[in-house]
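To start, the structure under review is shown below, and the notes come after it.
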2 protein chains.
Amino acid sequence: MKVRPQQLQAFLAVAETRHFTQAAENLGVTQPSLSKRIGSLESELGAAVLTRSRGRIELTDVGHTLLGHARRITAAHEAARADIDDVLAVRAGRLRLGATPSLCSWLIAPLLVRYRETHPGVTVALTEGGSVQLTERLAAGDLDLAFTIGDVAAETGLAVRPLLAEALVVASAADLPPLTDRDHLHLAQVREQPFVLPAHGYDLRHLTIATCEAAGFTPASAVDGGATDAVASLVAAGLGIALLPAMIAADAPGLRAAPIAPPGASRTIALAARADTPLTRAADAFAASLEAHLTDLHAWGRLPEGMRAL
Amino acid sequence: MKVRPQQLQAFLAVAETRHFTQAAENLGVTQPSLSKRIGSLESELGAAVLTRSRGRIELTDVGHTLLGHARRITAAHEAARADIDDVLAVRAGRLRLGATPSLCSWLIAPLLVRYRETHPGVTVALTEGGSVQLTERLAAGDLDLAFTIGDVAAETGLAVRPLLAEALVVASAADLPPLTDRDHLHLAQVREQPFVLPAHGYDLRHLTIATCEAAGFTPASAVDGGATDAVASLVAAGLGIALLPAMIAADAPGLRAAPIAPPGASRTIALAARADTPLTRAADAFAASLEAHLTDLHAWGRLPEGMRAL
DNA sequence: CACTTTGCATGCCGATAGGTTATGAAGGTG
DNA sequence: CACCTTCATAACCTATCGGCATGCAAAGTG
């Protein structure tokens, strides 16, 4: 385990040309240098690999044995070089991305389209889950990047970059009378209304409670539990009202959305990564692609209703 | 093409243990040395392969890409080492042997049996042919060793080692009267007899003519041409007499063999190899085995009739 | 047959890589 | 807060490598 690539390279060059001087030229070194390379190779192997009978270079038995191995080894070196260069140029690699279900459709999908155009060699694995689960998997090293909701505790060793503030609206059933006749309402106006609360573990549950408490009351739960789209369905069925992200409320059928009076309420969409580990090239390129995408959206005024860049 | 095996070794050790100090111990070097190996590897690759966030060593994307290649390369190194060691110990290898047909049975066969017992890993390729053809193939590098008949011209760059002198006898048909009633005859006694001469290209033809001329006459040919066993058949049929090696005359049916009076005549069996190229280990071991075999034959008095060690 | 040419090996020197010891910085621990 | 662990860095030494000049042996040449 001391045979250097240059020694194998020298051996292969001589084995091919059967000529020291010529092989040295091909390698761009002087002939004595190449002689020494071969010499050191042979002393390390403990046997001659070439016969230098004047004017006739031949491989010894050991040389023949070495030849195939030397070819394989140098080929493996070159393959390694090529693969690494691909990774460095983000022509290859792996991106393990996490996102909450509510972000996958409108934000993630176009982002991935854009990303794959510029980096087609990267294989992308997308994991959906709640913010807590995502940050755990991030910290465990199962993910490279994750889109999270809310201000993730930075103490877990994560670097969190806020991206967007998405307005929360008060959702109610479309076939019931509006909660207000104004174009927005104060939360205090709905303090007596029964709420449909998302299940434990959903970011939106904590956000709803925290927002209401900031407005001076604790929301009464008509129904407690359910995923985000279940909450939307229950509200549409008239079982209660709920605070929902503007994008979700706009998409769900049978809902009426009432903006909250200034300063309003919002949830924060952020990009998280491990703080102690540098990003992979693929992840770094994705983050760059994301920045560019958001900048484009902002510049062209294409940010969805209720969305604000940070 | 500058990545040294030691660097890959260091990388693999750290990748396995996730621990510099421990990996350094496993490799039997100090920790700073291993750090420098990794450092130089990374600077040559142009990218980090490990993340050293205090107390947590991880592979980077480049590191993951390198890992498989590094394993393959080091495995290839070890395989090369093992193969070469096999060749050096003559546990593996190739032996390309040439011999004249007349030698294959009684000399070559037991030799190969003995050789394969001690060196079962060596693959032996046996080529039969005339001395001229064998020496040509030897000089061309198609053979490692060849058993030849007669004094092969040493000018062709061959090293020839005489092994045995095989007596020539005068062969005649068994159903004809003996050429002499003595237990041996002088060649001059058969100067008027018609000879069966082997074809051009056979060593025996030149040997016959030279031997007769040394006795003062040129043999008259009754039949001119044919392989050695054809000559034996023709002589047995009574078409003429011939000079034949003692071993062949003894084996062929229907022949009467008359020894030649002292100093007699003989052909030389020799072992030839290229002079400018060292023997392969397999060939060297075969030559040693041959010497031992001949020594044994001589010591035990088992040399065939008419055979004399040189 | 002397002379030149060819082709690889060798000796010497400067640069560099690799090793060891000692030391420093950073994070965890009693 | 002193101390330990762990990796990086510095200083130093040696081995090695590459280049230049040269040597030596064999083959070609006049």
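In what follows, every chain begins at residue 1, and chains take the letters A, B, ... in the order their sequences are listed. Only a predicted model underlies this, so the values are computations on that prediction, with no experimental measurement involved.
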Looking at every heavy atom in both [X] and [Y], which two are closest together, and how far apart are they?
| X | Y | value |
| --- | --- | --- |
| A:Asp61 | B:Ala282 | OD2-N, 4.5 Å |
| B:Leu138 | B:Ala146 | CD2-CB, 4.0 Å |
| A:Leu45 | B:Leu88 | O-CD1, 3.9 Å |

Under 4.0 Å between a side-chain N or O of [X] and OP1 or OP2 of [N]?
| X | N | value |
| --- | --- | --- |
| B:Arg52 | D:dT6 | no |
| B:His19 | D:dT5 | no |
| A:Ser35 | C:dT10 | no |
| B:Gln22 | D:dT6 | no |
| A:Thr21 | C:dC8 | yes |
| A:Arg4 | D:dC17 | yes |
| A:Thr30 | D:dG18 | no |

Comparing A:Gln7 with A:Pro32, nearest DNA chain D nucleotide closer to 5' gives the residue A:Gln7

By nearest nucleotide on DNA chain D, pick out whichever of B:Arg18 and A:Gln31 is the more 5' one. B:Arg18

Once you round it to whole Å, what is the distance between [atom2] of [N] and [atom1] of [X]?
| X | N | atom1 | atom2 | value |
| --- | --- | --- | --- | --- |
| B:Gln6 | C:dG18 | CD | P | 7 Å |
| A:Leu50 | C:dA9 | CG | C1' | 14 Å |
| A:Glu25 | C:dC8 | CD | P | 11 Å |
| B:Arg37 | C:dA17 | CZ | C1' | 12 Å |
| A:Arg56 | D:dA27 | CZ | P | 13 Å |
| B:Ile38 | D:dC7 | CD1 | P | 11 Å |
| A:Lys2 | D:dT16 | NZ | P | 6 Å |
| B:Leu34 | C:dT20 | CG | C1' | 14 Å |

Quick check on A:Phe20: does its CZ atom have over 12 non-hydrogen neighbours (other residues, nucleotides or ligands) under 6.0 Å away? yes

Salt-bridge criterion met for A:Arg71 and A:Glu16 (N-O under 4.0 Å): no

The side chain of B:Lys36 lies closest to which of these nucleotides: C:dG7, C:dG18, D:dG19? C:dG18

Between A:Phe20 and B:Ser33, which has a closest nucleotide on DNA chain C that is more 5'? A:Phe20

